[in-house]
Visitor: 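Here it is: the structure, laid out below.
As a basis for the values below, the full set of heavy atoms in this structure was taken, side chains included, without hydrogen atoms, waters or symmetry mates. Indexing begins at 1, ligand by ligand and atom by atom, following the structure's order. Model, not experiment: these values are computed from the prediction.
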Amino acid sequence: MAFISQENLTKAKHKALGIVNRVIDQQVNLAVTGLSRSGKTAFITSLINQLINENSHGQLTFFDVVQEGRFIAAKRVPQKHFHIRRFNYDDAIKNLEQSEPQWPAPTTGISELRLAIRYRPKSSILKYFDEMATLYLDITDYPGEWLLDLPMLNQTYEEWSEQTRVLLEQAPRYELAKGFIERVKQLDPLQSADENLLKDLANQYTELLHYFRETLGLSIIQPGRFILPGELQDAPILQFIPYLNFANIDGNVYQNASEESLIGMLRARFIEYKERVVRHFYQEHFLRFDRQIVLADCLSPLNKGADSFADLQNAISLIMESFNYGKSGLFTRLFSPKIDKLMFAATKADHITPDQHHNLVSLLNQLIYPTKQELNFNNLTMKAVALAAVKATDAGKAQYQGKTMPVIKGVRLDNRKLLTLFPGVVPAKIPDNNFWQKHPFQFIEFAPKEKTDQCQPLPHLRLDQVLQFLLGDKMK
Ligand SMILES: Nc1nc2c(ncn2[C@@H]2O[C@H](COP(=O)(O)OP(=O)(O)OP(=O)(O)O)[C@@H](O)[C@H]2O)c(=O)[nH]1
Ligand SMILES: [Mg+2]
């Protein structure tokens, strides 16, 4: 009989457990999607912070693996792709936790991170092995400006130009865009493609995009790289504009126009932009995700007014159309993702009193209703939630004209003064004229709270519910 030492026995046992662990180790590729300033970076930062600091302080009550005492620890581990920047968690958290805390800076490029989350499985076979399993969570952060390039993938140059023309010729864009529209309409499409002219037109169009976004608070800003060019700054691929006079071009002439002509060159650059910049980006980074969270800031547009809100609604439907998860959807055809869980989140819910959270979710549901209807037949689980990745206010009650009112309290971002206010009623449905006339909603930007207890993770609203929905079933 062969002699087996105690040491070898232990090794053999560990090897067997290793195999089991390898079988049950899982990986989730989470897509965090949202327009610019919707709260992606704050969300990712807080999610990491909750997981790596989870120490039973009771912040993740609705995350079963924590609640059941099976959560062991989470840590950042080397990411999958070495050629992509690492998500700058350290700077983001330093800014949030310093005295006079700051929000993370707007994102200018792509970055990635991988978390290894260790837990004890409760499955009946595995519980006999007093061992741990690991869930690897991969997340990518990128500038929200680039998201609206996705719908362009489905359009020809003519279609995109027409869609943009309609937008430019309407309020609120028209007032500022009319000089540009007239200039473009006077161009001879068959004149020779002059590099300087193209550059100048693209600059003028880019200035308009900045104005639409920063002053009017609009969401449909295309192409996204025009306002956030990264390493493509000054490259000819970003020097094109929508042509605004297709009604006056003969179809054959247009089809046969060569790149020597203005219209031919505009079309060529549009196509190059789509293929080389947009398709490449989505192919490389969004290829295989299996869970998705779509973040939407409904409150800032509600504060800006009817035009801003209507534009958000349009932007969401453009995006959701291209993400269409059904068999025929553009995104499915292009990237064949295998999403089985999709969460919609209304961010920055700490800007309203808790009694309004229900309305905020209902408003979000209305915004995504057409998409949700279509998705219902798929094997896709969906949920909508109102969250605050980093809760900057406290909810309470105050007396006003003899009545008790719900209020929020926080430090204003602009002057760092403490403020107590009732920000108003969030409409449960897409607001009508009556709502806009009264315009009862007040959105004040708050600074993140000063940290009082260094051991506590960042304060949040409902991140535990998000974790449970997106990861709970993988950690049983
Ligand atoms: N009060 C509050 N404000 C938030 C929260 N999350 C984000 N914000 C605010 O929204 C701003 C934008 O948040 P980011 O996380 O940078 O948004 P983003 O989607 O990453 O934006 P881009 O990188 O520009 O695409 C922040 O600077 C904060 O002012 C939150 O949970 N609560
Ligand atoms: Mg960001």
Visitor: Can you sort out which atoms of ligand 1 are near E445, meaning under 4.0 Å from one of its heavy atoms?
Guide: 29 (O)
Visitor: What's the spacing between F270 CZ and E275 CD if we round to 0.5 Å?
Guide: 9.5 Å
Visitor: Which atoms of ligand 1 are found less than 4.0 Å from any heavy atom of G144?
Guide: 25 (O)
Visitor: So, taking the atom named CD in Q366 and the one named CD in Q313, what distance separates them when rounded to the nearest 0.5 Å?
Guide: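 These two atoms lie 8.5 Å from each other.
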Visitor: At under 4.0 Å between heavy atoms, is it the side chain or the backbone of K391 that contacts ligand 1, or both, or neither?
Guide: neither
Visitor: Measuring from atom 3 (N) of ligand 1, which candidate in F446, F443, F43, W103 has the nearest non-hydrogen atom?
Guide: W103
Visitor: Could you tell me whether P106 and ligand 1 have an N or O pair separated by under 3.5 Å?
Guide: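 The answer is no, given that P106 and ligand 1 share no N or O pair closer than 3.5 Å.
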Visitor: So for ligand 1, is R37 a polar contact partner (N or O within less than 3.5 Å, distance only)?
Guide: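 It does: an N or O of R37 is found under 3.5 Å from an N or O of ligand 1.
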Visitor: Just by distance, do the side chain of T45 and the backbone of A92 share a donor-acceptor pair under 3.5 Å?
Guide: no
Visitor: Please state which part of H460 comes within less than 4.0 Å of ligand 1, counting heavy atoms only: side chain, backbone, both or neither.
Guide: neither
Visitor: Among all protein heavy atoms, pick the one closest to atom 14 (P) of ligand 1 and tell me residue, atom and distance.
Guide: G39 CA, 3.7 Å
Visitor: Measure from NZ or CZ of R225 to the centre of the six-membered ring of F281, then state whether that distance is under 6.0 Å and the direction lies within 45° of the axis.
Guide: yes
Visitor: Count the heavy atoms of every other residue, nucleotide or ligand shown that sit under 6.0 Å from NZ of K80, and state whether that count exceeds 12.
Guide: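 Buried by this count: over 12 neighbours within 6.0 Å.
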Visitor: When you check the space around the Mg ion (ligand 2), which protein N, O or S atoms turn up under 2.8 Å?
Guide: T41 OG1, T107 OG1
Visitor: Between T41 and T107, is any side-chain donor less than 3.5 angstrom from a side-chain acceptor?
Guide: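 Yes, T107 and T41 have a side-chain donor paired with an acceptor closer than 3.5 Å.
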Visitor: Is it the case that ligand 1 has an N or O less than 3.5 angstrom from some N or O of A392?
Guide: no
Visitor: Please tabulate, for side-chain N and O atoms in residues 202-212, each donor-acceptor pair with protein atoms closer than 3.5 Å (sequence neighbours left out).
Guide:
from	atom 1	to	atom 2	distance (Å)
Q204	OE1	R183	NH1	2.7
Y205	OH	Q222	O	2.8
T206	OG1	A202	O	2.6
H210	ND1	E214	OE2	3.2

Visitor: List every atom of ligand 1 that sits less than 4.0 Å from any heavy atom of A388, numbering the atoms from 1 in the order shown and giving each element.
Guide: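 Here the atoms of ligand 1 in question are 31 (O).
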Visitor: Could you tell me which atoms of ligand 1, counted from 1 in the order shown, lie closer than 4.0 angstrom to a heavy atom of H351?
Guide: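 Once the distances to H351 are compared, the set is 1 (N), 2 (C), 3 (N).
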Visitor: Tell me which protein heavy atom sits closest to atom 23 (O) of ligand 1, plus the residue, atom name and distance to 0.1 Å.
Guide: T107 OG1, 2.8 Å
Visitor: Which residue owns the protein heavy atom closest to atom 30 (C) of ligand 1, what's the atom, and how far is it?
Guide: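 Atom 30 (C) of ligand 1 sits closest to the protein heavy atom V390 O, 3.4 Å.
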Visitor: Is there a nitrogen or oxygen of K40 sitting under 3.5 Å from a nitrogen or oxygen of ligand 1?
Guide: yes
Visitor: Just need the protein heavy atom nearest to atom 1 (N) of ligand 1, so name the residue and atom and give the distance.
Guide: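 I find the closest protein heavy atom is D350 OD2, 2.8 Å.
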Visitor: Could you tell me the separation between the OG1 atom of T140 and the CD atom of Q79, rounded to the nearest 0.5 Å?
Guide: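 So the OG1 of T140 and the CD of Q79 are separated by 9.0 Å.
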Visitor: Please work out whether the ring planes of W436 and F309 are parallel, tilted or perpendicular, with thresholds of 30° and 60°.
Guide: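 Plane angle between 30° and 60°, so tilted.
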Visitor: Side chain of D138, backbone of N29: donor and acceptor closer than 3.5 Å?
Guide: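 Answer holds: no.
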Visitor: Should the ring pair F441 and F443 be called parallel, tilted or perpendicular, given that the plane angle runs from 0 to 90° and is split at 30 and 60?
Guide: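 Judged by the thresholds at 30° and 60°, the geometry between F441 and F443 is tilted.
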Visitor: Hey, does L363 have a side-chain heavy atom less than 4.5 Å from the side chain of K429?
Guide: no
Visitor: Would you say ligand 1 has an N or O under 3.5 Å from any N or O of S36?
Guide: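 Between S36 and ligand 1, no N or O pair is found under 3.5 Å apart.
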Visitor: Closer than 4.0 angstrom: is that true for some heavy atom of T347 and an atom of ligand 1?
Guide: no
Visitor: Kindly confirm or rule out an N or O of A42 lying under 3.5 angstrom from an N or O of ligand 1.
Guide: yes
Visitor: Does A389 have a non-hydrogen atom less than 4.0 Å from ligand 1?
Guide: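 A389: in contact with ligand 1 (<4.0 Å).
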Visitor: Please write down residue, atom name and distance for the protein heavy atom closest to atom 10 (O) of ligand 1.
Guide: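 That would be K348 NZ, 2.9 Å.
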Visitor: Hey, could you give me the OG1/NZ distance between T134 and K75, rounded to the nearest 0.5 Å?
Guide: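 Answer for the OG1-NZ pair, T134 versus K75, is 9.5 Å.
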Visitor: So how far is it from Q292 CD to F344 CZ, rounded to the nearest 0.5 Å?
Guide: 7.5 Å
Visitor: Distance check, rounded to the nearest 0.5 Å: I84 atom CD1 versus L113 atom CG?
Guide: 11.5 Å
Visitor: Is R279 salt-bridged to D149, going by a charged N under 4.0 Å from an acidic O?
Guide: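 Looking at R279 and D149, the cut-off is not met.
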